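The structure appears below as structure tokens.
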Amino acid sequence: MDAFDSKRILLADADAFFVSVARLVDPEGAGRKKLLIVGGSPDGRGVVTSASYEARAYGVRSAMPTGKALKLCPGATVVGVPRKECVERSKAVRVILQDFSPSVEQASIDEFYIDMSGTEGLFGPDLKFTADEIRKRVLEETGLPFSIGGGTSKLLAKLAAQRAKPHLDNDGVYIVAPGDEIEFMRLHRLGEIPLIGPKFVERLEKIGLQNVEQALRLDADAMVALMGERTGRWFYRRIRGLDASRVRAGRPNKSLSHEGTFARDISNDAELEKRLLAFSTRVAADVRKKRMKAKTISVKIRYHDFKTRQANSTFTYPVSADRPICEEALTLLRRLRKARNAPVRLLGVSLSHLNPATGEWQQLGLFGDPEKGMETDHDIVLSKAVDNITTKFGHKGIVRATEVKPREKD
DNA sequence: TCTGGGGTCCTAGGACCC
DNA sequence: TCTGGGGTCCTAGGACCC
């Protein structure tokens with residue numbers, strides 16, 4: 001169906017988003033540096049979040065350790081990530097985009113899918129013209145340069161946005177016309193196609209597929225024979241630019257998490273538990289702020305040798321109070337430490353299976369004995385008090401004591 | 001050079017139920 | 001006594017993205 005339907009999808013993707021924001025926030029400092037790196041400090045365990053196009057010319061890439069980036073580009077200036085401002089400006093961009101279509105999906109802090117299907121009456125049939133208008137308005141009102149890609153699927157819009165980037169001598173917009181999809185896909189290496197990562201490329205090479213051209217010669221049945229029903233059919237469509245996924249506006253979070261890498265590895269369990277409680281109360285507060293409750297908690301630990309382990313558990317009823325979340329986090333951490341007691345570089349807590357906090361769950365708690373992790377009215381009142389304090393004084397204003405007495409477990 | 005922090009989605013095995 | 005299939009939930013791990 002989507003081979004000949006008339007979907008018109010844009011992807012607006014910021015150019016070096018974190019770099020742009022850092023420059024807007026500090027025009028006299030970062031704003032004046034051509035060779036700019038945004039990310040963690042080089043003496044700690046920082047990595048590059050984003051680098052200016054000038055710095056990228058030296059081989060600097062995001063996720064690269066900052067120390068290595070500075071070796072490649074010694075003249076660069078490193079500044080921290082202006083998190084709060086990035087979130088604020090990202091929101092401002094979304095609001096502008098919503099003027100052009102009600103169907104805007106925020107795919108990350110700096111990427112927005114816009115479904116323009118059916119807007120021809122408002123903006124005319126020329127997607128390129130509309131995309132130019134959008135770029136102009138976003139730049140004028142937020143100071144942020146964006147590139148925009150367009151096509152008949154989210155996948156094509158995404159790939160087109162890469163082609164639109166200014167460092168490729170483009171004017172910031174690239175639209176794949178209906179009917180040109182296959183020709184456009186031929187321009188790409190397999191690994192450039194979103195969701196075809198290094199592992200999948202390796203697998204494709206093993207079965208003799210080096211590029212899109214070779215893959216296009218196989219029919220769907222051959223793909224299925226090579227890589228299984230699901231993956232085969234998915235890949236067959238993928239290399240043709242076919243992607244039926246819809247632009248979904250206002251998707252709620254599926255999980256919320258906090259994690260941190262320590263300046264130095266930690267071996268002391270009491271110290272780890274203290275850190276764990278700090279992450280736990282922060283993520284619990286985030287869930288409450290979103291008026292959600294979580295059914296599942298997960299504790300993640302990364303050891304000095306980078307081996308990563310995770311332990312999950314599911315509550316009988318969704319929770320958002322500090323008490324059950326901290327207790328269960330401790331139980332999970334102790335389980336992980338029992339399995340392996342080695343120095344730890346990273347600790348994290350994630351809450352998932354989020355439900356809107358409607359209140360009906362608390363009522364269920366009135367019946368029978370309290371079960372594993374079930375929160376009481378008292379827990380909820382306490383957490384509200386904690387939220388009031390952190391609103392005024394931040395997360396350092398109140399800290400949960402390390403000694404949480406775990407309830408008796410069976 | 002020594003590897004961040006925030007997410008989404010998929011798989012696979014086992015438990016449990018019908 | 002043995003043999004099933006399907007569905008759902010849970011846990012753990014991993015690929016992938018920005």
Side-chain angles (χ1 to χ4, degrees), chain A residues 11-19 37-51 59-74 78 80-81 83 86-87 90 105-113 154-155 158-159 161-162 191-203 227-231 234 238 245 248 251-263 265 279 282-283 286 295-316 328 332 335-336 339 345-354 372:
Chain A
L11 176 69
D13 184 302
D15 303 332
F17 178 70
F18 295 94
V19 169
I37 291 171
V38 180
S41 75
D43 48 328
R45 288 168 150 175
V47 298
V48 175
T49 296
S50 182
V60 177
R61 294 288 177 271
S62 51
M64 176 182 278
T66 313
K68 180 184 179 181
L70 282 172
K71 283 237 155 70
L72 290 169
C73 183
V78 180
V81 181
R83 283 206 179 279
C86 286
V87 171
S90 171
E105 173 183 336
Q106 180 148 15
S108 74
I109 197 163
D110 71 338
E111 280 184 318
F112 304 83
Y113 286 101
K154 283 167 85 174
L155 168 59
K158 169 110 180 135
L159 283 170
Q162 294 308 308
E192 288 174 329
I193 300 173
L195 297 184
I196 298 182
K199 299 283 175 186
F200 198 63
V201 166
E202 204 179 307
R203 187 173 159 194
M227 47 191 100
E229 181 70 31
R230 203 182 159 92
T231 308
W234 176 83
R238 202 85 186 149
S245 63
R248 286 156 61 188
R251 276 201 293 174
N253 269 83
K254 300 220 162 169
S255 69
L256 290 170
S257 66
H258 272 293
E259 64 180 51
T261 297
F262 308 127
D265 296 344
F279 289 131
R282 277 195 61 177
V283 76
D286 285 352
K295 256 210 107 180
T296 304
I297 178 169
S298 172
V299 171
K300 176 165 125 183
I301 196 166
R302 176 169 292 148
Y303 294 98
H304 64 103
D305 57 6
F306 229 72
K307 283 203 172 28
T308 307
R309 289 293 173 265
Q310 188 187 305
N312 307 325
S313 102
T314 298
F315 296 104
T316 316
E328 197 55 28
L332 293 173
R335 191 200 295 169
L336 287 166
R345 66 173 288 137
L346 170 146
L347 202 56
V349 181
S350 161
L351 294 175
S352 57
H353 292 123
L354 305 178
K372 171 180 153 189

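Chain naming here is simple, since letters A, B, ... match the order of the sequence lines and numbering starts at 1 in each. Values in this document were obtained by computation on a predicted structure and should not be read as measured data.
Within 4.0 Å of A:G260, counting heavy atoms only, lie sugar-phosphate atoms of the nucleic acid but no base atom. Across all strands, A:R335 comes closer than 4.0 Å only to sugar-phosphate atoms, never to a base (heavy-atom distances).
For the P atoms, the distance from C:dC18 to B:dC2 is 26 Å, rounded to whole Å.
Judged as a salt bridge (Lys or Arg N to Asp or Glu O under 4.0 Å), and not counting sequence neighbours, the contacts of A:D265 are A:R45. Among residues two or more places apart in sequence or in another chain, the side-chain hydrogen bond (donor to acceptor under 3.5 Å, both in side chains) test is passed with A:Q162 by none. Remark: A:D305 engages A:R340 in a salt bridge (Lys or Arg N to Asp or Glu O under 4.0 Å) (not counting sequence neighbours). Contacts of A:T308 classified as side-chain hydrogen bond (donor to acceptor under 3.5 Å, both in side chains), with partners at least two apart in sequence or in another chain: A:R302. For A:E259, the side-chain contact (heavy atoms from CB on, under 4.5 Å) partners at least two apart in sequence or on another chain are A:K300, A:L346. Under the rule for a side-chain hydrogen bond (donor to acceptor under 3.5 Å, both in side chains), the partners of A:R251 that lie at least two apart in sequence or sit in another chain are A:E105. A:K68 is linked by a salt bridge (Lys or Arg N to Asp or Glu O under 4.0 Å) to nothing, counting only residues two or more places apart in sequence or in another chain. Checked against side-chain hydrogen bond (donor to acceptor under 3.5 Å, both in side chains), A:E229 has the following partners two or more places apart in sequence or in another chain: A:R233.
Applying the 4.0 Å criterion to OP1 and OP2 of B:dG4, one finds that A:R302 has a side-chain N or O inside that range. Listed pair A:H258 / B:dG6 meets the phosphate criterion, a side-chain N or O lying under 4.0 Å from OP1 or OP2. In this structure, A:R230 reaches the B:dC10 phosphate: one of its side-chain N or O atoms is under 4.0 Å from OP1 or OP2. Put simply, A:R345 has a side-chain N or O that comes within less than 4.0 Å of OP1 or OP2 on B:dG4.
Mapping A:R45 and A:S255 onto DNA chain B by nearest heavy atom places A:R45 at the nucleotide closer to the 5' end. Mapping A:H304 and A:E259 onto DNA chain B via the closest heavy atom, the residue that lands nearer the 5' end is A:H304.
Checking C:dT11, B:dG5, B:dT11 against the side-chain heavy atoms of A:S313 singles out C:dT11 as nearest.
With A:T66 as the fixed residue, the side-chain contact (heavy atoms from CB on, under 4.5 Å) test singles out one of A:V78, A:V38, A:V60: A:V78.
Separation of atoms CZ (A:F279) and CG (A:L347) is listed at 6.0 Å; rounding is to 0.5 Å. Atoms NZ and CG, on A:K158 and A:L11 in that order, are 6.0 Å from each other to the nearest 0.5 Å. Note that NZ of A:K71 and CE of A:M64 are 12.5 Å apart. Values are rounded to the nearest 0.5 Å.
Residues A:A69 and A:I37 come closest through the heavy atom pair CB-CD1, 3.8 Å. Smallest separation of non-hydrogen atoms from A:Y303 and A:L336: OH-O, 3.5 Å.
Between A:I297 atom CD1 and C:dC10 atom P there is a gap of 15 Å when expressed in whole angstrom units. The CE-P distance, from A:M227 to B:dC10, rounds to 17 Å in whole Å. Distance, A:K300 NZ to C:dT11 P: 18 Å, rounded to whole Å. B:dT3 atom C1' lies 15 Å from atom NZ of A:K307, rounded to whole Å. Across the protein-nucleic acid pair, A:F17 atom CZ and B:dG5 atom C1' stand 15 Å apart, rounded to whole Å.
In the region residues 63-73 of chain A, proximity to DNA chain B at under 4.0 angstrom, judged on heavy atoms, holds for A:A63, A:P65, A:K68, A:K71.
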Margin query: Across nucleotides 13-18 of chain C, 5' to 3', mark each nucleotide with B, S or - according to how protein heavy atoms within less than 4.0 Å reach it.
Written below: S-SSSS
Item checked: Canonical and wobble pairing (Watson-Crick, G-U, under 3.5 Å) of DNA chain C, dot-bracket with | -> ....||||||||||||||
Checklist line | side-chain hydrogen bond (donor to acceptor under 3.5 Å, both in side chains) assessment of A:Q310 paired with A:S350 | finding: CA-CA 10 Å; A:Q310 188 187 305; A:S350 161; over 6 Å; no
Show me the protein contacts with nucleotides 7-9 of chain C, counting only N or O atoms at under 3.5 Å.
none

